Amino acid sequence: MKRILSVLILLLFHIFSSQAAVPPHKYVRLVTTQGECLLKLYNETPLHRNNFMKLVRQGYYKDLLFHRVIHNFMIQGGDPDSRYAAERQRLGEGGPGYTIPAEFKDSLFHKKGVIAAARDENPEKASSGSQFYIVQGRTFTDAGLDSLEQLRLGGRKIPAYQRQVYKTLGGTPHLDQNYTVFGEVISGIDVVDRIASVETDRYDRPLQDQRMDMIPLTRREAINFEREQAGLPPKSGIFIKFLDLFKPKY
């Protein structure tokens, strides 16, 4: 009896002590016509992170189109009107009926692969409730970045470490501090390149529909992904799955 009680106490200890085992980031698997990407959402922009995850869990993005695609710039989607859109129908005005306040952070910039919120020309620069874009961009020279600072950024200086990224990885620096960056592609960036290269009409809509779906990673999937990134083996098995049943919603 004492042995059984000891096992139960130990089990409860593991259950409650493991409550702290919460992945520090939210992850979403983006499934597209051209393949899959894995997105990591930034904690520095909690309003956008939480709204995006809410829509993903609701299945909001299932079968929507990347309706605006510009090579060496970005791919944009998230318009609910695109799900059943007719061929050549112009898109880009749809949404959930609300906006998200801007969350500009100096450390978050438009390098290649980031996901950012689309918006209209409202003076507060509030984001669309659902439309987003993923940056493809291009690489820049120092002279090109100098010109951008003067002509498009109003004299605002691009930090040295960001300049280095724009010169090597690439991006769209003229969008910085104008549109909220809230995540990035951490695997599958080649999928973005393929979508960005498809043929489009004069309104930048792909001639062949480029559809998407969004699937949130589970707590365990996120934990194991981060363990693998740290060079650690994933945790699995019946006991781990049992403990996961007692953890709060991720």
Side-chain angles (χ1 to χ4, degrees), residues 25-42 48-49 51-96 100 110-120 127-139 169-172 175 179-218 221-222 225 228:
H25 294 96
K26 305 284 189 185
Y27 298 91
V28 174
R29 184 173 292 110
L30 169 60
V31 182
T32 80
T33 306
Q34 301 291 342
E36 295 187 8
C37 301
L38 185 61
L39 309 178
K40 179 175 78 172
L41 305 185
Y42 295 148
H48 286 72
R49 177 199 63 200
N51 176 71
F52 193 74
M53 286 302 298
K54 178 191 74 173
L55 296 180
V56 168
R57 290 187 175 116
Q58 290 174 352
Y60 187 96
Y61 292 105
K62 183 173 178 57
D63 292 331
L64 298 191
L65 300 178
F66 283 100
H67 65 269
R68 183 170 178 243
V69 168
I70 303 176
H71 186 55
N72 288 334
F73 184 35
M74 58 89 222
I75 62 174
Q76 181 174 331
D79 180 350
D81 297 338
S82 70
R83 182 175 286 109
Y84 304 112
E87 187 175 338
R88 304 299 177 90
Q89 177 182 337
R90 292 194 65 178
L91 298 164
E93 300 298 322
I100 309 296
H110 282 78
K111 65 182 180 181
K112 181 174 182 176
V114 299
I115 178 171
R119 64 170 177 82
D120 58 21
S127 303
S128 163
S130 64
Q131 290 197 44
F132 66 92
Y133 58 91
I134 301 176
V135 171
Q136 184 193 36
R138 62 181 181 84
T139 56
L169 180 64
T172 55
L175 300 181
Y179 296 80
T180 297
V181 172
F182 65 93
E184 66 178 285
V185 175
I186 55 175
S187 68
I189 192 63
D190 56 310
V191 173
V192 177
D193 289 333
R194 287 197 289 273
I195 295 174
S197 298
V198 301
E199 190 175 357
T200 60
D201 64 20
R202 61 182 179 136
Y203 300 113
D204 302 315
R205 177 176 167 180
L207 297 182
Q208 298 250 329
D209 287 346
Q210 303 296 311
R211 295 198 179 272
M212 70 177 78
D213 193 9
M214 301 273 194
I215 304 168
L217 261 59
T218 66
E221 287 173 331
F225 172 77
E228 290 172 357

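Model, not experiment: these values are computed from the prediction.
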Work out which heavy atom in [X] is nearest to a heavy atom in [Y]; give both atom names and the distance.
X      : Y      : result
Tyr60  : Leu64  : O-CD1, 3.6 Å
His110 : Ala116 : NE2-CB, 3.9 Å
Leu55  : Gly129 : CD1-O, 3.3 Å
Tyr133 : Ala117 : CE2-O, 3.6 Å
Gly95  : Ser130 : CA-OG, 3.7 Å
Pro216 : Arg57  : CG-CG, 4.2 Å

Any side-chain heavy atom of [X] sitting closer than 4.5 Å to one from [Y]?
X      : Y      : value
Thr172 : Met74  : no
Tyr179 : Val114 : no
Ile134 : Leu30  : yes
Leu39  : Val185 : yes
Leu175 : Val181 : no
Phe66  : Val198 : no

Next on the checklist: A quick test of your reading: do over 12 heavy atoms of other residues, nucleotides or ligands sit less than 6.0 Å from NZ of Lys54?
Outcome noted: yes
[atom1] of [X] to [atom2] of [Y]: how many Å apart, nearest 0.5 Å?
X      : Y      : atom1 : atom2 : answer
Cys37  : Ile195 : SG    : CD1   : 6.5 Å
Asp204 : Ile75  : CG    : CD1   : 13.0 Å
Thr200 : Gln208 : OG1   : CD    : 12.5 Å
Asp213 : Thr33  : CG    : OG1   : 11.0 Å

Checklist entry - Is the shortest distance from a Lys or Arg side-chain nitrogen in Asp63 or Arg211 to a carboxylate oxygen in the other one below 4.0 Å? => result no
Item to check | Name of the residue among Arg194, Gln34, Arg205, His67 meeting side chain to side chain donor-acceptor pair (under 3.5 Å) with Gln210 | outcome: Gln34
Checklist entry - Side chain of Gln136, backbone of Asn72: donor and acceptor closer than 3.5 Å? => result yes
Checklist entry - Is there a donor-acceptor pair closer than 3.5 Å between any side-chain N or O of Glu93 and the backbone N or O of Leu91? => result no
Item to check | Qualifying ring-ring contact (aromatic ring centres under 6.0 Å, His included) pairs, either residue in residues 198-218, two or more places apart | outcome: none
Checklist entry - Would Met53 and Leu41 count as a side-chain contact (heavy atoms from CB on, under 4.5 Å) if you check the C-alpha gap in whole Å, the side-chain angles of each, and the deciding distance to 0.1 Å? => result CA-CA 9 Å; Met53 286 302 298; Leu41 305 185; 3.6 Å; yes
Next on the checklist: Can you tell me how the ring of Phe52 sits relative to the ring of Tyr61, calling it parallel under 30°, perpendicular over 60° and tilted otherwise?
Outcome noted: tilted
Checklist entry - Which is it for Phe182 and Ile100 under the side-chain contact (heavy atoms from CB on, under 4.5 Å) test, yes or no, and what are the steps along the way? => result CA-CA 12 Å; Phe182 65 93; Ile100 309 296; over 6 Å; no
Next on the checklist: If you apply the rule side-chain contact (heavy atoms from CB on, under 4.5 Å), what do you find for His25 with Phe225, and how did you get there?
Outcome noted: CA-CA 11 Å; His25 294 96; Phe225 172 77; over 6 Å; no
Item to check | Criterion side-chain contact (heavy atoms from CB on, under 4.5 Å) on Asp201 and Leu207, from CA distance to verdict | outcome: CA-CA 6 Å; Asp201 64 20; Leu207 297 182; 3.9 Å; yes
Checklist entry - Could you give all pairs that pass the side-chain hydrogen bond (donor to acceptor under 3.5 Å, both in side chains) test and reach residues 76-85, with sequence neighbours left out? => result Arg68-Gln76, Gln76-Gln131
